[in-house]
Amino acid sequence: MKNKYLYLLIAAIVLFTGCNEDDWLQRDPKDRITDEQLWNDPNMIMGLLANYYDRIGNKTDKDPKLETIFNTGLLCEYDEAMWSGHVDGNGRNDFAYSNAYGQYWDYVFIRDINLSLEGLDEYSVKLTEVQKKQFNAELRFIRAYVYFELVKRMGGVPLVTTQLIYSGDGDPTPLQQLRAKESEVYDFIYSEIQEIKENFTATEGSRTRANKYTALALQSRAMLYAGSIARYNNQMSAPVTTPGGEVGIPADRANDYYQKSLEASKAIIANPAYELYNPVGTDKGENFYKLFMDKNAKEIIFAKDFGTGKVHYFTYDNVVRSYRTDIEGSSILTPSLNLVESYDYLDGSKGTLKDKDAEGNYIAYEHPEDIFANKDARLYGTIVYPGSKFRSQTVDMQAGVATWEGGEYKFKVGVLGSTYEEDGGKLTGFDGPRNDDQYVSNTGFYIRKFVSETPQDGVRPSLASNWWVWFRLGEIYLNAAELAFELGLAEARDYANTIREKHGGFPANSVTDLTIDLIRNERRIELAFENQHRYFDLKRWRIADQVWSGQEDDPNAIVRGLYSYRVYRPGHPDHNKYIFERMRPTRFKRARFFRPANYYSAIEQSVLDNNPKLVKNPFP
């Protein structure tokens, strides 16, 4: 043992005598990266930015409701669908929104970005000015996006743009920031975009890193939200406000916000780098589906990419039942009849399906898909319905057999893939639907949007790598249509007609009398299952409490289904044709119930305890 210590001592002496003492003491530590190293190495900065981009829209342990990226469960709650997955997840079909629903308060992320901005400013002596501006712009874009996620859920929040450093003196009050007014947060987002939008010199044309048009897309969306709140909150019989403006925006700010949003929208539309996805000579419905699968689509402005080992479970979770590869998985998110009927017919008539005639008699169809004929092409690109194709094969959807007994039809059902003994034909298809069952459609529909048709994408561990679209030109056209309408501009009709023609397959100039209801329905169908648009649109228009009334007899508040049945009626003209029965899935427990309290999520009690200066949101 003594020899060992002697050896170490000799080695230390040799080491020290071979170096200048000052050099030794000033050596960089080998177990960590210094600020000087990080902020002067573009590759390291890129790695940090990649982490921040990845955190956009991802849930945290404290904020589980934020996760929006391919989140099957949350799409059941936020959009027009229901949960048909495992039984223990059935609580997702009980839609009494709590006061804290959608709560988000991620100041850890804000702090990390602020630290990075200060580090970049202080230590980046070896970067060019152009590089520093580029990285600064990306960091500030991400921060502005996070503040938008905060304000659209919580209202005004503390605007923290620098480090808050605790002195250690036992007094935390300097760290306790007041909430900004709701309008001030939106104004901050706008001013940040104006300051950074010309500094994205290295990311022009990028779809996965921020650039000028990504920033303008955020301006388009955020300013539209602000304008809507200014207009529609003040039209409520009891506006949702606080005395200090932390919640609520003055009505006279509406047009200013609308104009700022329209300016950004027009700039994006005018850029030839972006085009509505509409390959010539191909089916419109197929085009709309492929829009979200084609990573060369010029419609995409900003997306979260997947691939090279980074995959997601969305196809595994939602592929049509007969294509599943595991005992678990498949068919969890099942769209509603409500949504299906919001897609109008190409002749301009309302989208209500013709399942019965005026006398209440069932209408029989030669093929199950015939009831969906001549509808807006976006229906096919969004939803798998009876008789449609998936992975080049017709889906095997049939709820059962309808037999004529005692002057009316009786419905017989069986297990998946069962045979009707009377004629040896199909009883219930392998793809259902089946009421009150798991991993099969409970509504009569499956989701197509985002679900990959590549077989291995529904298999573990390979899974799917199609990307998640944050901003695309289709949304910008709809923003522009709504904005121009709110501002009383005739061009609103042109924006609406363009997207209906390019994506929906409607004839040119199909709309001559544009209404706000039509604009809202266009958003409902174009943006279905994307970025929680439906949920937040209803909130900003201040009609969520009317649409999701909680009333069990309100067709808007409940999820409805439509089941197809093969007619067994030998000798009758309808024999072996198909009729359809409207139903309400048993697993959809309760009508959606959105209350005025849900227009702003309650601030978590622990946050209020840590900062007594924070004003509570209304309806505690």
Side-chain angles (χ1 to χ4, degrees), residues 80 220-221 224-225 227-228 231-232 254-255 258-259 261-270 274-280 282-289 291 299 338-354 372-383 449 471-530 533-534 537-538 540-541 543 546-547 556:
E80 296 180 273
S220 174
R221 186 185 293 177
L224 172 60
Y225 274 57
S228 300
R231 175 148 298 170
Y232 292 106
N255 283 359
Y258 283 144
Q259 190 60 51
S261 179
L262 185 58
E263 289 171 1
S265 303
K266 285 184 172 182
I268 297 169
I269 291 170
Y274 303 106
E275 296 176 359
L276 292 174
Y277 192 74
N278 184 41
V280 177
T282 52
D283 179 78
K284 296 283 189 183
E286 189 68 19
N287 285 349
F288 192 69
Y289 167 75
L291 160 61
E299 178 162 334
N338 318 44
L339 177 61
V340 170
E341 292 195 311
S342 66
Y343 293 84
D344 289 340
Y345 289 94
L346 294 177
D347 63 4
S349 59
K350 288 296 182 183
T352 305
L353 293 170
K354 300 172 178 63
F372 306 99
N374 301 313
K375 274 209 153 208
D376 187 322
R378 289 170 289 189
L379 173 63
Y380 178 88
T382 305
I383 292 170
K449 186 183 277 191
F471 293 106
R472 63 180 177 91
L473 191 58
E475 178 197 345
I476 303 303
Y477 266 93
L478 291 173
N479 291 355
E482 182 177 346
L483 294 158
F485 182 88
E486 294 285 10
L487 291 168
L489 303 176
E491 64 201 63
R493 187 174 60 238
D494 296 332
Y495 293 124
N497 277 328
T498 297
I499 198 157
R500 283 166 59 87
E501 178 184 355
K502 300 294 185 183
H503 282 173
F506 287 91
N509 302 314
S510 60
V511 174
T512 55
D513 183 20
L514 186 63
T515 65
I516 191 62
D517 286 339
L518 188 145
I519 291 170
R520 290 174 177 178
N521 194 64
E522 283 296 309
R523 293 185 69 88
R524 180 183 189 180
I525 60 180
E526 173 81 19
L527 303 174
F529 305 112
E530 297 178 50
H533 280 295
R534 179 64 174 168
D537 279 348
L538 293 179
R540 68 182 175 86
W541 294 324
I543 59 174
Q546 301 167 39
V547 174
N556 293 311

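In this structure, Phe529 has no ring-ring contact (aromatic ring centres under 6.0 Å, His included) partners at least two apart in sequence or on a different chain. Residues satisfying the salt bridge (Lys or Arg N to Asp or Glu O under 4.0 Å) test with Arg520, not counting sequence neighbours, are none. Residues satisfying the ring-ring contact (aromatic ring centres under 6.0 Å, His included) test with Tyr225, not counting sequence neighbours, are Phe148. Residues satisfying the ring-ring contact (aromatic ring centres under 6.0 Å, His included) criterion with Phe506, sequence neighbours excluded, are absent altogether. With sequence neighbours left out, Tyr345 forms a ring-ring contact (aromatic ring centres under 6.0 Å, His included) with no residue at all.
Residue Glu530 holds its CD atom at 8.0 Å from OG1 of Thr382, rounded to the nearest 0.5 Å. To the nearest 0.5 angstrom, Tyr277 atom OH is 11.0 Å from Tyr289 atom OH. The CG atom of Leu339 lies 4.0 Å from the CD1 atom of Ile383; values are rounded to the nearest 0.5 Å. To the nearest 0.5 Å, the span separating CD1 on Ile268 from CZ on Phe471 amounts to 8.5 Å. To the nearest 0.5 angstrom, Phe372 atom CZ is 12.0 Å from Lys354 atom NZ. Atom-to-atom distance recorded for Glu299:CD and Leu473:CG is 5.5 Å, nearest 0.5 angstrom.
Taking the side chain as every heavy atom from C-beta outward, Arg534 and Asp537 never approach each other to under 4.5 Å. Within the 4.5 Å cutoff, the side chain of Gln546 has no heavy atoms near those of the Asn556 side chain. The closest side-chain heavy-atom distance from Asp344 to Asp376 is not below 4.5 Å. Within the 4.5 Å cutoff, no side-chain heavy atoms of Glu486 are placed close to those of Asn255. Under the 4.5 Å side-chain criterion, counting only non-hydrogen atoms from C-beta, Tyr380 is in contact with Glu286. Counting heavy atoms from C-beta outward, Glu482 and Arg523 have side chains that approach closer than 4.5 Å. Between Ile269 and Ile476 the shortest side-chain heavy-atom distance falls below 4.5 Å. Contact check for Tyr477 versus His503: no side-chain heavy atoms found under the 4.5 Å cut-off.
A donor-acceptor pair shorter than 3.5 Å can be found between the side chains of Asn479 and Ser220.
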Yes or no on side-chain contact (heavy atoms from CB on, under 4.5 Å) for Glu475 and His533, after CA distance, side-chain angles and deciding distance?
CA-CA 10 Å; Glu475 178 197 345; His533 280 295; 3.7 Å; yes
Where do Asp347 and Ser349 land on the side-chain hydrogen bond (donor to acceptor under 3.5 Å, both in side chains) test, with the steps shown first?
CA-CA 6 Å; Asp347 63 4; Ser349 59; 2.6 Å; yes
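A donor-acceptor pair under 3.5 Å is formed between the side chain of Asn521 and the backbone N or O of Ser342.
In terms of heavy atoms, Thr498 sits closest to Leu276 at CG2-CD1, 3.8 Å. Closest heavy-atom contact between Tyr343 and Ile525: OH-O, 3.2 Å. Heavy-atom minimum distance, Leu527 versus Lys449: C-NZ, 4.0 Å. Counting all heavy atoms, side chain and backbone alike, Leu514 lies closest to Leu518 at CD1-CD2, 3.7 Å. The two residues Glu526 and Gly474 have their closest heavy-atom pair at OE2-CA, 4.2 Å. The nearest pair of heavy atoms linking Ser228 to Arg540 is OG-NH1, 2.7 Å.
Within the structure, every pair that satisfies the salt bridge (charged side-chain N to carboxylate O under 4.0 Å, His left out) test and touches residues 488-515, not counting sequence neighbours, is listed here: Lys266-Glu491, Arg500-Glu522.
In the displayed structure, Asp283 atom CG is contacted under 6.0 Å by more than 12 heavy atoms of other residues, nucleotides or ligands.
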